Engineer: 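Take a look at the following structure, please.
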Amino acid sequence: MASCNCQRKLTLFERWIICEKGTELPFQDRYWNWKEPGIYRCRCCGAPLFSSEHKFEIGTGWPSFYFPIGEVIILPDLSGGLARVEVQCQRCRGHLGHLFGDGPSPTGLRFCINSASLEFEPKYLKS
């Protein structure tokens with residue numbers, strides 16, 4: 001049963017990730033190694049969620065951020081026999097990924113987010 005309130009057309013894979021709480025394979029999708037400056041928005045509703053300024057590489061194969069710029073919801077996730085912390089978009093309740101406590105300073109947090117849950121908006125430099 002879908003958990004998100006998506007207003008955009010999604011591929012079957014995106015719908016599985018965002019609405020059915022799926023997880024991508026590591027090192028496979030768009031943004032795990034993306035280095036351009038900009039904003040990462042919710043693929044489902046367009047809400048701004050993360051900035052490239054807070055993105056870091058930890059070697060997991062998923063985009064990782066130490067701080068959200070948008071409103072996210074943190075919920076316990078006991079699926080799959082694991083005790084984890086789920087991250088959802090507050091606006092549409094779409095599944096983004098999971099939160100871990102092994103991130104860098106200043107927060108010590110790692111928001112491990114599925115690329116399929118994100119839409120990148122480049123930040124163009126003014127000349």
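Computed from a predicted model, the values in this text were never measured in an experiment.
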Engineer: Please examine the side chains of P37 and P122, heavy atoms only from C-beta on, and report whether any two atoms are closer than 4.5 Å.
Structural biologist: no

Engineer: Can you say whether the rings of H98 and H95 are parallel (under 30°), tilted (30 to 60°) or perpendicular (over 60°)?
Structural biologist: perpendicular

Engineer: Would you say P63 and K55 make side-chain contact, with heavy atoms under 4.5 Å?
Structural biologist: yes

Engineer: Do E71 and R91 come within less than 4.5 Å of each other through their side chains, counting heavy atoms only?
Structural biologist: no

Engineer: Less than 4.0 angstrom from a charged side-chain N to a carboxylate O is my criterion; do E20 and R15 meet it?
Structural biologist: no

Engineer: Kindly check if the number of other-residue, nucleotide or ligand heavy atoms within 6.0 Å of CD (E53) is above 12?
Structural biologist: no

Engineer: Could you walk me through whether R43 and E14 pass the salt bridge (Lys or Arg N to Asp or Glu O under 4.0 Å) check?
Structural biologist: CA-CA 8 Å; R43 175 71 183 99; E14 290 167 341; 3.1 Å; yes

Engineer: Under a 3.5 Å threshold, yes or no: a donor from one side chain and an acceptor from the other, between Q90 and Q88?
Structural biologist: no

Engineer: Using 4.0 Å as the upper bound for N to carboxylate O, is an ion pair formed by E121 and R41?
Structural biologist: yes

Engineer: Are R30 and E24 packed together at the side-chain level, in the sense that at least one heavy-atom pair is separated by less than 4.5 angstrom?
Structural biologist: no

Engineer: Please walk me through it: do T60 and R110 pass side-chain contact (heavy atoms from CB on, under 4.5 Å)?
Structural biologist: CA-CA 11 Å; T60 63; R110 174 172 54 102; 3.5 Å; yes

Engineer: Residues two or more places apart in sequence or in another chain: which of them pass salt bridge (charged side-chain N to carboxylate O under 4.0 Å, His left out) with D77?
Structural biologist: R84

Engineer: Should W62 and S115 count as side-chain neighbours, where that means a heavy-atom distance under 4.5 Å?
Structural biologist: no

Engineer: Taking all non-hydrogen atoms of both residues into account, name the closest pair between F56 and G103 and its distance.
Structural biologist: CZ-CA, 4.1 Å

Engineer: Less than 4.5 Å apart, any side-chain heavy atom of D102 and any of I58?
Structural biologist: yes

Engineer: Which heavy atom of P106 sits nearest to which heavy atom of Y66, and what is that distance?
Structural biologist: CD-CE1, 3.6 Å

Engineer: Of all heavy-atom pairs between S51 and I69, which one has the smallest distance, and what is that distance?
Structural biologist: CB-CG2, 3.9 Å

Engineer: What distance separates S117 OG from E119 CD, expressed to the nearest 0.5 Å?
Structural biologist: 11.5 Å

Engineer: In the hydrophobic clustering (ILVMFWY, side-chain contacts below 4.5 Å, transitive), which residues join Y40, or is it alone?
Structural biologist: Y31, W34, L49, F50, F65, V72, I74, V85, V87, L96, L99, L109, F111, I113, L118, F120

Engineer: Rounded to the nearest 0.5 Å, what separates atom SG in C44 from atom CD1 in I18?
Structural biologist: 5.5 Å

Engineer: If we only count heavy atoms from C-beta on, is the C92 to C42 side-chain gap below 4.5 Å?
Structural biologist: yes

Engineer: Give me the atom names and distance for the closest heavy-atom approach of I17 to A116.
Structural biologist: CG1-CB, 3.9 Å

Engineer: So, does T107 use its side chain to make a donor-acceptor pair with the main chain of F67 at under 3.5 Å?
Structural biologist: no

Engineer: Should C112 and F100 count as side-chain neighbours, where that means a heavy-atom distance under 4.5 Å?
Structural biologist: yes

